[in-house]
A.B. asks: 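Structure provided below as C-alpha cells; questions to follow.
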Amino acid sequence: MMDRDEVLPVSQWCLQAVKKEGEVVRQRLIHEGVLDLSLRVRAEGDHLLFPVTEPISGAVRSEFIPQPGHPILPRHEQIGGIAILQERDMAGAATLLASRPSLHTVLYPVSPVEGEYRTRQFEVLAGEETTRTVYLEYGLHFEFDLSTVYFSARLANERQRLLSLMEEGEAVLDMFAGAGPFAITLAGRASQVVACDLNPAAVLQMQVNARLNRCRNLLPVLADAGHLKGIFLPGQFDRVVMNLPLSKGAFVADAIFLCRPSGMVHLYMLESTEGEALPLLKDLPVAGVRERRVRSYSPGQWHAVYDIAVSGSIE
Ligand SMILES: C[S@@+](CC[C@H](N)C(=O)[O-])C[C@H]1O[C@@H](n2cnc3c(N)ncnc32)[C@H](O)[C@@H]1O
C-alpha cells in the first residue's frame, strides 16, 4: 500500500508549448477536458509541459509532481474513462474517481496479461461495473473491452513513429492487430491495411473501431497469422507490423515472405539481451536491421522493435 505522505513523481502524457503560447494552450486543454488538473504544469527551458490524461496529438510521456493541496493519487494507467491501478488500493481508487471527472471506472488487474489472446482479467475497485471504454489517441477514437482484447496506450508514440515512416499509398499488413490501434492509425496513409487476429472479440472490436474512424481501407481478417502465407501473395505488402512480443519472432519468415523486396517489417520483441532477434534473421533476405528500445517492461526486460529492411523474396 502506498504511503500517502510521500510525494512521488508521476508518469503522465503531456503536451509541450512555448511559454508565450502557454495560456492559450492551457485554455484549449481545459476546454477539451484533457488537462490533468491533479499534476503540476512543469517548465523546461522555453517550454511549458502540460500534463494531459490522454495521448492527444503531439503528446509525449514525462514525469510530474502532484498539485499541492490536491489529493495524492495512486499510480495508474488511464485508458479513456478507465484507470488501471498497480495496487489493490480501494481508498486510492475512490479518491482517483472523485478527482478525475473524465473517469467512470477504476480497475485492478487480477491476472497478468495471459493466454493466446494476451488479455487480463480485472476487479472493479470503484465506479461503474464495466471494462469497456472509449479512448482518444492522436485524433482517433477506439472502443475497447479491456477484459476481452489486449490494449496498451504506451505504444501510442510507436504507432506515430511507424506512420511517419510510411509513404502515401502503401499496402500494410498487421499480423497481430488486436482491436486495431496500429492498423487504423496506419490506414491514414495506406492504400489498404489487412489486419489479422485470431481473437474473435478483437476482430469484432476492430470493425467497430474502423467504423468509428470512418476507415474504409481496412480489411479485418479472423485467422491465425501462420495461415496468411496461404491467403496472400508473396511480396504483396510494403510494410508488415508484428506486435506479439512474446512469440519471440516466430512468423518473421512469413512476414518477410509477404513483404516486397525493399519493404519493411517491424518486429516487436520482449528481450533481456540486445540483439536477441538477430539469429532469427540470419538466413533471410534482409538488407539491414535497426533495433531500438520501445519501453521497459520489468527489471532487466524491455520491449524492443526491430525495423527490418527486406532485400529479396523467399520462394
Ligand atoms: C500484444 S497483442 C497486440 C494487439 C495490437 N497490435 C495492439 O497493439 O493493441 C497481440 C495480439 O495477437 C493476437 N494473436 C496471438 N497469437 C496470434 C496468432 N497466432 N495469429 C494471429 N493473432 C494472434 C492476440 O489475440 C492479440 O490480440
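For ligands, and for the atoms within them, numbers begin at 1 and follow the listed sequence. In what follows, every heavy atom counts, from backbone to side chain, and hydrogens, waters and symmetry copies are set aside.
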A.B. asks: Any chance the rings of Y268 and F176 have centres within less than 6.0 Å?
C.D. replies: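 No - the distance between ring centres of Y268 and F176 does not fall below the 6.0 Å cut-off.
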A.B. asks: So, T53 versus R100: side-chain donor-acceptor pair below 3.5 Å or not?
C.D. replies: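 Distance-only check fails for T53 and R100.
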A.B. asks: Tell me whether E158 is salt-bridged to R292, with the criterion being a basic N under 4.0 Å from an acidic carboxylate O.
C.D. replies: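 Yes, charged N to carboxylate O under 4.0 Å.
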A.B. asks: Of all the non-hydrogen atoms in the protein, which one sits nearest to atom 15 (C) of ligand 1, and at what distance?
C.D. replies: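 For atom 15 (C) of ligand 1, the nearest protein heavy atom is E116 O, 3.1 Å.
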A.B. asks: Picking from V294, L155, N243, L267, what satisfies side chain to side chain contact (heavy atoms under 4.5 Å, CB included) with V305?
C.D. replies: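 Testing each of V294, L155, N243, L267 against V305, the sole residue satisfying side chain to side chain contact (heavy atoms under 4.5 Å, CB included) is V294.
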A.B. asks: Would you say the side-chain atoms of K248 pair up with the backbone N or O of L270, donor to acceptor, closer than 3.5 Å?
C.D. replies: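 Present.
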A.B. asks: Note the single closest protein heavy atom to atom 19 (N) of ligand 1, along with its residue, its atom name and the distance in Å.
C.D. replies: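 Looking only at protein heavy atoms, the one closest to atom 19 (N) of ligand 1 is D224 OD1, 3.2 Å.
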A.B. asks: Is N243 close to ligand 1, meaning an N/O of one under 3.5 Å from an N/O of the other?
C.D. replies: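 Min N/O separation from ligand 1 is below 3.5 Å for N243.
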A.B. asks: Any idea which of Y150, Y117, F144 brings a heavy atom closest to atom 2 (S) of ligand 1?
C.D. replies: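 Considering heavy atoms of Y150, Y117, F144, the nearest to atom 2 (S) of ligand 1 sits in Y150.
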A.B. asks: Is the closest heavy atom of Y268 to ligand 1 under 4.0 Å?
C.D. replies: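 Distance cut 4.0 Å: Y268 fails for ligand 1.
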A.B. asks: Using a 4.0 Å heavy-atom threshold (strictly under), name the region of A179 that reaches ligand 1: side chain, backbone, both or neither.
C.D. replies: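 Neither part.
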A.B. asks: State the atoms of ligand 1, each with its element, that fall below the 4.0 Å cut-off from a heavy-atom position in F251.
C.D. replies: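 Going through ligand 1 atom by atom, the ones under 4.0 Å from F251 are 19 (N).
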A.B. asks: Who's closest to atom 18 (C) of ligand 1 heavy-atom-wise, of L198, V221, V149?
C.D. replies: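 Answer by nearest heavy atom: L198.
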A.B. asks: Under 4.0 Å, heavy-atom basis, I'd like to know which part of A177 is in contact with ligand 1: side chain, backbone, both or neither.
C.D. replies: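 Contact part for A177 vs ligand 1: backbone (N, CA, C, O).
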A.B. asks: Can an N or O of P245 be found at a distance shorter than 3.5 Å from an N or O of ligand 1?
C.D. replies: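 Between P245 and ligand 1, no N or O pair is found under 3.5 Å apart.
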A.B. asks: Please could you name the atoms of ligand 1 that G178 approaches to less than 4.0 Å, counting only its heavy atoms?
C.D. replies: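 This gives 4 (C), 5 (C), 27 (O) as the contact atoms.
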A.B. asks: Centre of F50's six-membered ring, under 6.0 Å away, within 45 degrees of the axis: is that where NZ or CZ of R26 sits?
C.D. replies: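 Not satisfied by the 6.0 Å and 45° rule.
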A.B. asks: Taking distance alone, with N or O pairs closer than 3.5 Å, would you say A225 contacts ligand 1?
C.D. replies: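 Yes - when backbone and side-chain N and O of A225 are compared with those of ligand 1, one distance drops under 3.5 Å.
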A.B. asks: At a 4.0 Å cut-off, with the gap strictly under it, does some heavy atom of A223 reach an atom of ligand 1?
C.D. replies: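 A223 counts as a contact of ligand 1 under the 4.0 Å cut-off.
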A.B. asks: Donor-acceptor pair, distance only, cut-off 3.5 Å: does the side chain of R189 make one with the backbone of L163?
C.D. replies: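 Side chain of R189 to backbone of L163: a pair is present.
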A.B. asks: Using a 4.0 Å cutoff against the non-hydrogen atoms of N199, which atoms of ligand 1 qualify?
C.D. replies: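 That gives atoms 25 (O) of ligand 1.
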A.B. asks: Can you pull out the closest protein heavy atom to atom 16 (N) of ligand 1? Residue, atom name and distance to 0.1 Å, please.
C.D. replies: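 For this ligand atom, the closest protein heavy atom is L244 CD2, 3.6 Å.
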A.B. asks: With a 3.5 Å distance limit and no angle check, can you tell me whether N213 reaches the backbone of L140 through a side-chain donor-acceptor pair?
C.D. replies: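 No, the answer is negative, given that no donor and acceptor are paired below the 3.5 Å cut-off.
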A.B. asks: Do any nitrogen or oxygen atoms of R118 come within less than 3.5 Å of a nitrogen or oxygen of ligand 1?
C.D. replies: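 There is no such contact.
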A.B. asks: Considering only protein heavy atoms, which is closest to atom 6 (N) of ligand 1, and at what distance to one decimal place?
C.D. replies: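 Answer for atom 6 (N) of ligand 1: F176 O, 2.8 Å.
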A.B. asks: I'd like to know whether the aromatic ring centres of Y135 and F151 sit less than 6.0 Å apart in this structure.
C.D. replies: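 So the answer is yes for these two rings.
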A.B. asks: In terms of heavy-atom contacts, does CD of E114 have more than 12 from other residues, nucleotides or ligands at under 6.0 Å?
C.D. replies: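 Yes, CD of E114 has more than 12 neighbouring heavy atoms, counting only those of other groups under 6.0 Å.
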A.B. asks: Give the residue, atom name and distance (to 0.1 Å) of the protein heavy atom nearest atom 13 (C) of ligand 1.
C.D. replies: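 Nearest neighbour among protein heavy atoms for atom 13 (C) of ligand 1, to 0.1 Å: D197 OD2, 3.2 Å.
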A.B. asks: State plainly whether the residues R75 and E87 are in salt-bridge range, i.e. N to O under 4.0 Å.
C.D. replies: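 No, no charged N to carboxylate O under 4.0 Å.
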A.B. asks: Using 0.5 Å steps for rounding, measure from the CE atom of M175 to the CG atom of L198.
C.D. replies: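 The CG atom of L198 is 11.0 Å from CE of M175, to the nearest 0.5 Å.
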A.B. asks: Which residue and non-hydrogen atom of the protein lie closest to atom 9 (O) of ligand 1, and at what distance in Å?
C.D. replies: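 Of every protein heavy atom, P181 CG, 3.3 Å lies nearest to atom 9 (O) of ligand 1.
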